[in-house]
2 protein chains.
Amino acid sequence: MNKTKEKILTAASQLFLNGGLSALSVRAIAREANLSTIGIYSYFEGKQGILDALYIEGFEKVLAAIQVSIDLKNPRLGVLAAAKGYIKTAQLYRGHYRLIFGESDSGYKPSKLAQEAAKKAFIHITQVIATLLPEDANYESRREAALQIWALIHGFINLQHHAIADVIEPGAWEKMILDAVGLQIDALQSKYE
Amino acid sequence: MNKTKEKILTAASQLFLNGGLSALSVRAIAREANLSTIGIYSYFEGKQGILDALYIEGFEKVLAAIQVSIDLKNPRLGVLAAAKGYIKTAQLYRGHYRLIFGESDSGYKPSKLAQEAAKKAFIHITQVIATLLPEDANYESRREAALQIWALIHGFINLQHHAIADVIEPGAWEKMILDAVGLQIDALQSKYE
DNA sequence: TGACAAAATATAACAGTGTTATATCGTGTA
DNA sequence: TACACGATATAACACTGTTATATTTTGTCA
């Protein structure tokens, strides 16, 4: 990749990790990357381009986190391991997670390319979770099971990020989430037997 | 309530419902309410105050939606009815829902009062879901069960709002969510027996 | 009623945002 | 060496939330 382009991206990533979305202004990125504001527009398509890059980065992190070896002998453990990785990534890259699942008040809409990155992660998640079901389960069932587990984990993480989250001590979330996922897995598996 | 204050709020609500957060500028609200920008600052505490009002409104809608008569004879149906109302509200007031569970890039943080409204809704949700558990279940168990069901529903809604949601036909979501919640309820109940 | 104080409203400005038009500079080619 | 073209910089535009400074309206008391 272009050297300048890379410099801009690391500057943006830096600002984003430290101060969140509100710290990510075009001028601040340019200052951090030692060039003038117009540079952001010649190397990226303005702020939309920067956000797109971070959006894709976010889904890549998620994808990397659940890249567990799919164990067909014990799919339950495989899915739980993937869930653990997913949770950890959501905490480690909270800003990214907020960006890819947040509400984008500044009018940001992910580009075609960014949406494809999201879809790619979705497909992989579906595949991991599908190992829970018997081999002859059809596509709809797999997708539905995947959405169920994903929604559960994602919902927990989102509630954790919420203002009311302080009723739960921070360390207790992971166990709580994994317990719930375990329960859900058992219910799903007994349904398809 | 003050007449002018009400006028401002309805103008804000109007703009919010139509154009989302990005349409909600102080000047636009003032224009719509037929007064000058400074009015927003004398009747509310600026934009923070407006967002707080909408935030509280959002949680009030949620609270109203799940105000079902708690049927101790059949708590399963009661919770499912509450879930149905919750889903409907999230679709009907999508902007509000995004605001109260979204990521607030503009640096908005709910005030003490707004957080109390959130907590109030949370407590009520807990109470509704707690009817699923036997009477002697302790507080932690109730809260955990509530979070499990809530996270599942909330996660589904959030995924539905997401860009990748178009892989599912829009009408299919409600049944899918309610099925998943039913499964989760059964698993929870069999766990506590 | 008239005069003054206080509250409500309006105007204009400030610092910030994303974006773009204009100007400058530097480098490569003929 | 002269020209052209691409990269960089400056400055401006229209917008944002917010606030300081006028102006108007309102209410109270003599």
Side-chain angles (χ1 to χ4, degrees), chain A residues 1-56 95 98-99 102-111 114, chain B residues 1-56 95 98-99 102-111 114:
Chain A
M1 197 194 303
N2 190 313
K3 203 109 186 188
T4 313
K5 225 172 157 180
E6 209 158 342
K7 206 169 61 178
I8 292 174
L9 259 187
T10 60
S13 231
Q14 188 79 13
L15 285 166
F16 186 52
L17 281 171
N18 286 353
L21 253 178
S22 60
L24 202 68
S25 84
V26 174
R27 283 172 180 81
I29 299 168
R31 201 183 314 124
E32 204 75 10
N34 268 98
L35 42 89
S36 114
T37 57
I38 197 73
I40 312 298
Y41 288 86
S42 32
Y43 288 94
F44 289 85
E45 292 177 8
K47 187 158 193 184
Q48 160 88 22
I50 298 286
L51 290 176
D52 256 351
L54 291 171
Y55 186 96
I56 292 171
R98 285 182 163 212
L99 178 64
E103 306 303 345
S104 70
D105 90 331
S106 44
Y108 164 66
K109 287 273 169 288
S111 68
Chain B
M1 200 194 302
N2 190 314
K3 204 108 188 188
T4 314
K5 225 173 158 180
E6 210 158 342
K7 208 169 60 177
I8 292 174
L9 259 186
T10 60
S13 232
Q14 188 78 13
L15 285 166
F16 187 53
L17 281 171
N18 286 354
L21 254 178
S22 61
L24 201 69
S25 83
V26 173
R27 282 171 180 82
I29 299 167
R31 199 183 315 124
E32 205 75 10
N34 268 99
L35 41 90
S36 114
T37 56
I38 197 72
I40 312 299
Y41 288 86
S42 32
Y43 288 94
F44 290 86
E45 293 177 5
K47 188 159 193 183
Q48 160 87 22
I50 299 286
L51 290 176
D52 256 351
L54 291 171
Y55 186 96
I56 291 171
R98 286 181 159 211
L99 178 64
E103 303 305 345
S104 69
D105 92 329
S106 43
Y108 165 66
K109 286 273 168 286
S111 68

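So that the names make sense, note that chain A is the first sequence line, chain B the second, and so on, each numbered from 1.
- A/Leu21 has its CG atom 13 Å from the P atom of C/dT17, to the nearest Å.
- Using a 4.0 Å heavy-atom distance criterion, B/Ile40 is classed as making no nucleic acid contact.
- When the C1' atom of C/dT19 is taken as reference, atom CD1 of A/Ile50 falls 14 Å away, rounded to whole Å.
- Between B/Tyr41 atom OH and D/dT16 atom C1' the separation is 9 Å, expressed in whole Å.
- Side-chain atoms of B/Lys47 lie closest to D/dG17 of the nucleotides D/dG17, C/dA10, D/dA9.
- Among C/dA12, C/dG18, D/dA20, the nucleotide with an atom closest to any side-chain atom of B/Ile38 is D/dA20.
- Taking 3.5 Å as the limit, the base of D/dG17 and the side chain of B/Arg27 contain a donor-acceptor pair of atoms between them.
- Spacing between atom CZ of A/Phe44 and atom C1' of C/dT20 amounts to 19 Å, rounded to whole angstrom units.
- Residues B/Leu21 and B/Lys47 share a closest heavy-atom pair of O-NZ, 4.5 Å.
- Dashed line: the shortest gap from a side-chain N or O of A/Tyr43 to OP1 or OP2 of D/dT8 is under 4.0 Å.
- Taking atom CD1 on A/Ile8 and atom C1' on D/dA7, their separation rounds to 12 Å, with Å as the unit.
- The nearest whole Å value for the distance from the NZ atom in B/Lys3 to the P atom in C/dT9 is 15 Å.
- At distances below 3.5 Å, not a single donor-acceptor pair connects side-chain atoms of A/Gln14 with backbone N or O atoms of A/Ile29.
- Here the options are B/Asn18, B/Leu99, B/Leu54, the test is side chain to side chain contact (heavy atoms under 4.5 Å, CB included), and the partner is B/Leu24; only B/Leu54 passes.
- If you check every strand for non-hydrogen atoms under 4.0 Å, A/Leu24 touches sugar and phosphate atoms only.
- Counting to the nearest Å, the P atom of D/dA7 and the NZ atom of A/Lys5 are 13 Å from each other.
- For A/Ser42, no side-chain nitrogen or oxygen approaches OP1 or OP2 of D/dA7 to under 4.0 Å.
- Summarising the geometry, the separation between CG on B/Leu51 and C1' on D/dG17 is reported as 11 Å, rounded to the nearest angstrom.
- Summarising the geometry of B/Ala114 relative to B/Pro110, their closest heavy-atom pair is CB-CB, 3.8 Å, with the distance given to 0.1 Å.
- Regarding contacts with the backbone of C/dT9, every side-chain N or O of B/Ser36 stays at 4.0 angstrom or more from both OP1 and OP2.
- Here the side chains of B/Val26 and B/Tyr41 are in contact, with some heavy-atom distance below 4.5 Å.
- Relative to the side chain of A/Ser25, the nucleotides C/dA12, C/dT17, C/dT20 differ in distance, and C/dT17 lies closest.
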